[in-house]
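Report on the structure given below.
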Amino acid sequence: MDVLKKVPVREQDPKVRATNFDEVCLGYNIEEAKEEASRCLKCKNPKCVDGCPVSIDIPGFIKEVEAGNIEEAAKVIGQYSALPAVCGRVCPQETQCEQRCIRGIKGEAVSIGKLERFVADWSRENNIKPEPPKETNGKKVAVIGSGPAGLTCAGDLAKLGYEVTIFEALHEPGGVLVYGIPEFRLPKETVVKTEIDNVKALGVKIETNVVIGKSTTIDELMEEEGFQAVFIGSGAGLPKFMGIPGENANGVFSANEYLTRNNLMKAFDENYDTPIAKGKKVAVVGGGNVAMDAARTALRLGAQVYIIYRRSESELPARVEEVHHAKEEGVIFKLLTNPKEILVDEKGWVKGMKCVEMELGEPDASGRRKPVEKPDSEFEIELDTVIMSLGTSPNPLISSTTTGLETDKRRCIVADEKNGQTSKEGVFAGGDAVTGAATVILAMGAGKAAAKGIHEYLSNK
Amino acid sequence: MYKIVKKETLAPNIYLMDIEAPRVAKSCYPGQFVIVKMDEKGERIPLTICDYNRDLGTVTIVFQTLGTSTKRMAEYEVGDSYRDFSGPLGCKSELVDESDEELRKKHILFVAGGVGTAPVYPQVKMMKERGIDVDCVIGARNKDLIILEDEMKKVAKNVYVATDDGSYGMKGNVNDCIKDLVQNQGKQYDLVIAIGPVIMMKFVCILTKELGIKTIVSMNPIMVDGTGMCGACRLTVGNEVKFACVDGPEFDGHLVDFDESMKRQQMYKTEEGRAALKEKEGDTHKNGGCGCSDK
Ligand SMILES: Cc1cc2nc3c(=O)[nH]c(=O)nc-3n(C[C@H](O)[C@H](O)[C@H](O)COP(=O)(O)OP(=O)(O)OC[C@H]3O[C@@H](n4cnc5c(N)ncnc54)[C@H](O)[C@@H]3O)c2cc1C
Ligand SMILES: Cc1cc2nc3c(=O)[nH]c(=O)nc-3n(C[C@H](O)[C@H](O)[C@H](O)COP(=O)(O)OP(=O)(O)OC[C@H]3O[C@@H](n4cnc5c(N)ncnc54)[C@H](O)[C@@H]3O)c2cc1C
Ligand code: SF4
Ligand code: SF4
Ligand code: FES
Ligand SMILES: [Mg+2]
């Protein structure tokens with residue numbers, strides 16, 4: 001074994017997986033996990049922990065893996081994270097825990113994410129369930145949204161004895177974990193559902209089909225239904241469009257629509273009623289994780305797929321692993337390219353896209369080199385489907401129906417990072433609703449901080 | 001689960017159901033809609049709220065069977081339950097928040113096309129409850145497809161019926177009826193609320209623009225989540241892109257790009273054709289529409 005290298009993880013062959021929705025990464029088995037765990041130096045001053053937004057005791061759990069005490073390892077992780085099977089899969093480890101790992105200086109960092117995933121999967125397979133608290137303290141807390149922020153906040157509060165109800169607008173809990181991130185990266189039945197069941201096992205109630213701001217309001221929850229505190233974890237689900245001609249043509253989708261039809265509504269499965277326009281030649285505009293997910297979904301539905309991104313490869317905001325997987329599967333990257341117009345046929349369907357080539361100019365305020373159009377470089381591509389993946393912002397439904405809740409210019413809810421406290425007494429918030437579109441682990445971290453904040457608030461009341 | 005407590009057949013292929021959904025019943029208003037998902041494999045189907053009973057906690061829906069989903073919905077009977085029933089969604093009708101005094105000053109005409117009579121009904125009923133007289137035109141292709149006429153007569157001052165084939169009421173479409181009221185019967189209106197097939201709303205708006213009468217329409221684009229998350233329901237209103245599920249579904253009809261909206265409604269025709277439309281084309285319009293299709 002080469003201690004400078006990660007123990008390789010088994011994956012489905014790119015040619016095979018490009019035609020199915022099964023998980024791409026197969027994960028470690030116990031021997032591989034123990035071997036990888038042995039690469040960890042169990043540092044006294046572990047830098048990796050500083051890189052983890054919820055400060056998991058990484059050497060602590062890895063030590064248990066190496067010794068083969070997986071149940072112990074799960075207990076260590078469980079003190080910090082409610083969704084290890086999810087984070088082990090979708091955390092951008094290369095810029096967080098693994099980026100700081102000491103092993104990374106000379107060779108490759110320890111595969112912290114894959115080990116975390118292993119521990120979580122093992123616990124699930126061996127039916128390790130969290131224990132519900134012995135008694136509740138009778139205090140009711142409402143949690144809005146069942147994404148990672150809401151689930152984490154609810155789980156932590158339930159452990160502290162609160163009676164927690166999650167209100168979810170959609171018919172299925174999980175937030176982006178169920179409607180956005182595809183099956184081939186995050187299996188729904190096995191992984192996501194189990195993590196949600198674990199939260200329920202702690203005594204948390206989940207009421208689906210309740211749209212706060214419409215079905216009822218935060219003020220009503222507090223005044224009429226007896227909730228003493230509320231956590232808002234409603235995410236940032238509102239999609240952006242470019243505002244270019246042709247964008248309302250048939251065959252132009254937001255990534256959210258395309259992914260929701262396929263993930264939440266299971267359009268890829270013939271037995272489900274919801275249709276999806278599959279497309280034969282698809283362009284995905286954007287370069288983030290969401291764009292990669294949309295592109296790889298379209299590919300699996302049988303299309304030839306382009307990623308259209310206006311900067312160069314090194315600026316792609318998506319995780320390196322995702323870009324790598326997309327390329328392996330056959331997604332074609334058209335970088336330094338920007339759409340100008342969507343071309344529409346006489347029946348109102350997409351027939352192509354007019355694009356322009358870009359080059360990188362001076363760095364802008366964010367330090368990234370700003371793309372500028374190359375003169376006379378317009379060209380057209382033939383297409384039948386365009387998926388816009390330009391980012392999302394928080395939905396104003398809640399902020400516009402709650403008295404005294406402050407938001408900023410980007411419509412994000414203003415909340416204290418330390419405890420989630422908003423401008424309204426008893427109301428806390430965290431996750432994408434506060435930060436704008438970010439990551440699962442940051443949302444989880446915010447849910448945790450708010451649970452603590454709520455506990456302090458209600459203990460002193 | 002949301003239990004069906006009443007089911008009636010209003011016309012061939014048009015069904016009325018009362019569904020137990022206390023949270024929706026408690027907070028809904030005319031103009032809003034719900035999303036029904038029958039079972040695990042079902043689509044999310046948007047349907048306008050046609051009535052509600054806050055005490056009993058029930059919400060009334062009226063739907064026409066067009067394609068796979070609505071046909072499957074019609075197979076459910078009293079005592080059965082739908083898996084999901086989410087709402088109320090969308091904005092309430094503008095009339096809800098206007099004062100009685102303001103409303104009394106206005107002469108309001110409701111125009112209902114085909115199954116669109118159902119969403120018109122709660123608005124007219126609300127006007128009656130607030131002591132405001134309004135007129136209502138109901139149009140359909142033939143007599144069999146006129147629904148809720150008796151109910152409407154109880155709440156509107158005057159109800160005028162028009163059928164394409166002249167089998168009942170005036171022979172002609174809703175526009176012929178509006179013209180007759182305004183040009184021959186000396187009626188004056190300052191506000192029209194038209195709900196029906198998109199093509200009907202388009203032609204009503206062309207007419208009311210000529211007549212100089214402000215017109216509100218209720219749009220029904222293809223939807224998925226109904227909460228502003230997917231953008232499937234976008235349409236152009238006065239050169240701005242709006243999401244019908246959160247900004248609407250009611251809009252100023254003189255600003256709506258109806259042609260674009262009609263094209264977008266066709267989006268999944270070919271996709272579902274794969275499965276169900278092989279049997280019979282589910283055309284929103286020709287199946288008991290308002291009568292404007294031939295124009
Ligand atoms: C396609 C895609 C891929 C991604 N990939 C990654 C990745 O690989 N790694 C990573 O770390 N992050 C990824 N992200 C980002 C990550 O998923 C989000 O940052 C995270 O889910 C935010 O969590 P949250 O709990 O704040 O909100 P969400 O997960 O958005 O959950 C919010 C929930 O609140 C509900 N809600 C909203 N409004 C209301 C209301 N009014 N009433 C009731 N309920 C309401 C919503 O329906 C939703 O279920 C991805 C995002 C997308 C869209
Ligand atoms: C806000 C709103 C309120 C509505 N209210 C009513 C109502 O009160 N009564 C009623 O009978 N119908 C109503 N509709 C239309 C109803 O949702 C569609 O008829 C139904 O979804 C068709 O489903 P299907 O599978 O049976 O037919 P399909 O064969 O799938 O489609 C037939 C036609 O219905 C439309 N449609 C299909 N899927 C959707 C979808 N997901 N969302 C919206 N439209 C779709 C399309 O125009 C399509 O061409 C409303 C739609 C909206 C958006
Ligand atoms: S939660 Fe994410 S950042 Fe923290 S250790 Fe796990 S993979 Fe790394
Ligand atoms: S920094 Fe790397 S080697 Fe050190 S404890 Fe963390 S994972 Fe192990
Ligand atoms: S239906 Fe998805 S945004 Fe309106
Ligand atoms: Mg359908």
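A, B, ... follow the sequence lines: proteins, then strands. Residue 1 opens every chain.
- Salt bridge annotation for B:K41-A:D269: absent, with no cationic side-chain nitrogen under 4.0 angstrom from a carboxylate oxygen.
- Distance alone, capped at 3.5 Å, places no donor-acceptor pair between the A:R261 side chain and the B:V224 backbone.
- In this structure, A:N248 and B:V241 have side chains that are in contact, with non-hydrogen atoms separated by less than 4.5 Å.
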### Query
Could you walk me through whether B:K26 and A:E224 pass the salt bridge (charged side-chain N to carboxylate O under 4.0 Å, His left out) check?
CA-CA 13 Å; B:K26 178 166 173 261; A:E224 294 169 23; 3.2 Å; yes
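- Rounded to the nearest 0.5 Å, atoms CD (B:Q266) and NZ (A:K347) are 10.5 Å apart.
- At a 4.5 Å heavy-atom cutoff, the contact between B:Q32 and chain A is made by side-chain atoms alone.
- Closest non-hydrogen pair, A:L238 versus B:G228, comes out as CD1-O, 3.0 Å.
- Contact between A:A169 and B:T227 at its shortest, heavy atoms only, is CB-CG2, 4.3 Å.
- In this structure, no portion of A:A236 lies under 4.5 Å from any heavy atom of chain B.
- Atom CD of B:E94 has 12 or fewer heavy atoms from other residues, nucleotides or ligands within 6.0 Å.
- No donor-acceptor pair under 3.5 Å is formed between the side chain of A:S254 and the backbone N or O of B:G231.
- Of the N and O atoms on the side chains of A:Y272 and B:E43, not one donor lies less than 3.5 Å from an acceptor on the other residue.
- When each of B:A21, B:C28, B:G226, B:G42 is checked for heavy-atom pairs under 4.5 Å with chain A, B:G42 comes out on top.
- Annotation: maximal heavy-atom pairing with chain B below 4.5 Å, among A:P239, A:G243, A:G348, occurs at A:P239.
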### Task
Step by step, work out the side chain to side chain contact (heavy atoms under 4.5 Å, CB included) result for A:E257 and B:M223.
CA-CA 9 Å; A:E257 178 182 354; B:M223 293 187 173; over 6 Å; no
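- Pairing each heavy atom of B:G87 with each of A:S215, the nearest pair is O-OG, 2.7 Å.
- For A:F241, the part lying near chain B is the side chain, with the backbone staying farther off; criterion is any non-hydrogen pair under 4.5 Å.
- Only the side chain of A:T260 comes within contact range of chain B, with heavy atoms under 4.5 Å apart.
- One finds the CG atom of B:D84 at 9.5 Å from the CG atom of A:L170 (value rounded to the nearest 0.5 Å).
- For B:R44 and A:E172, the salt-bridge test fails: no basic side-chain N is under 4.0 Å from an acidic carboxylate O.
- At distances below 3.5 Å, not a single donor-acceptor pair connects side-chain atoms of B:S27 with backbone N or O atoms of A:T216.
- Atom NZ of A:K214 and atom SG of B:C91 lie 4.5 Å apart (nearest 0.5 Å).
- Heavy atoms from other residues, nucleotides or ligands lying under 6.0 Å from NZ of A:K193 number 12 at most.
- At a 4.5 Å heavy-atom cutoff, the contact between A:V210 and chain B is made by side-chain atoms alone.
- For a residue to count as touching a neighbouring chain, one of its non-hydrogen atoms must lie under 4.5 Å from one of that chain's; by this rule B:Y2 touches chain A with the side chain only.
- Using a 4.5 Å heavy-atom cutoff, the side chains of A:N250 and B:R264 are in contact.
- Residue A:D273 holds its CG atom at 7.5 Å from CD1 of B:I45, rounded to the nearest 0.5 Å.
- We find the CG-CE distance between A:L397 and B:M229 to be 12.5 Å, quoted to the nearest 0.5 Å.
- The neighbour count for B:K3 NZ, taken as heavy atoms of other residues, nucleotides or ligands under 6.0 Å away, does not exceed 12.
- Looking at A:E207 and B:R23, a side-chain N of the basic residue comes within less than 4.0 Å of a carboxylate O on the acidic one, giving a salt bridge.
- For B:V34, no part lies under 4.5 angstrom from a heavy atom of chain A.
- With chain B as the partner, the residue from A:T392, A:N271, A:T217 showing the most heavy-atom pairs under 4.5 Å is A:N271.
- Ion pairing between A:E346 and B:K263 fails under the 4.0 Å rule for side-chain N and carboxylate O.
- To the nearest 0.5 angstrom, A:N395 atom CG is 9.5 Å from B:F243 atom CZ.
- Using a 4.5 Å cut-off between heavy atoms, B:V24 makes no contact with chain A at all.
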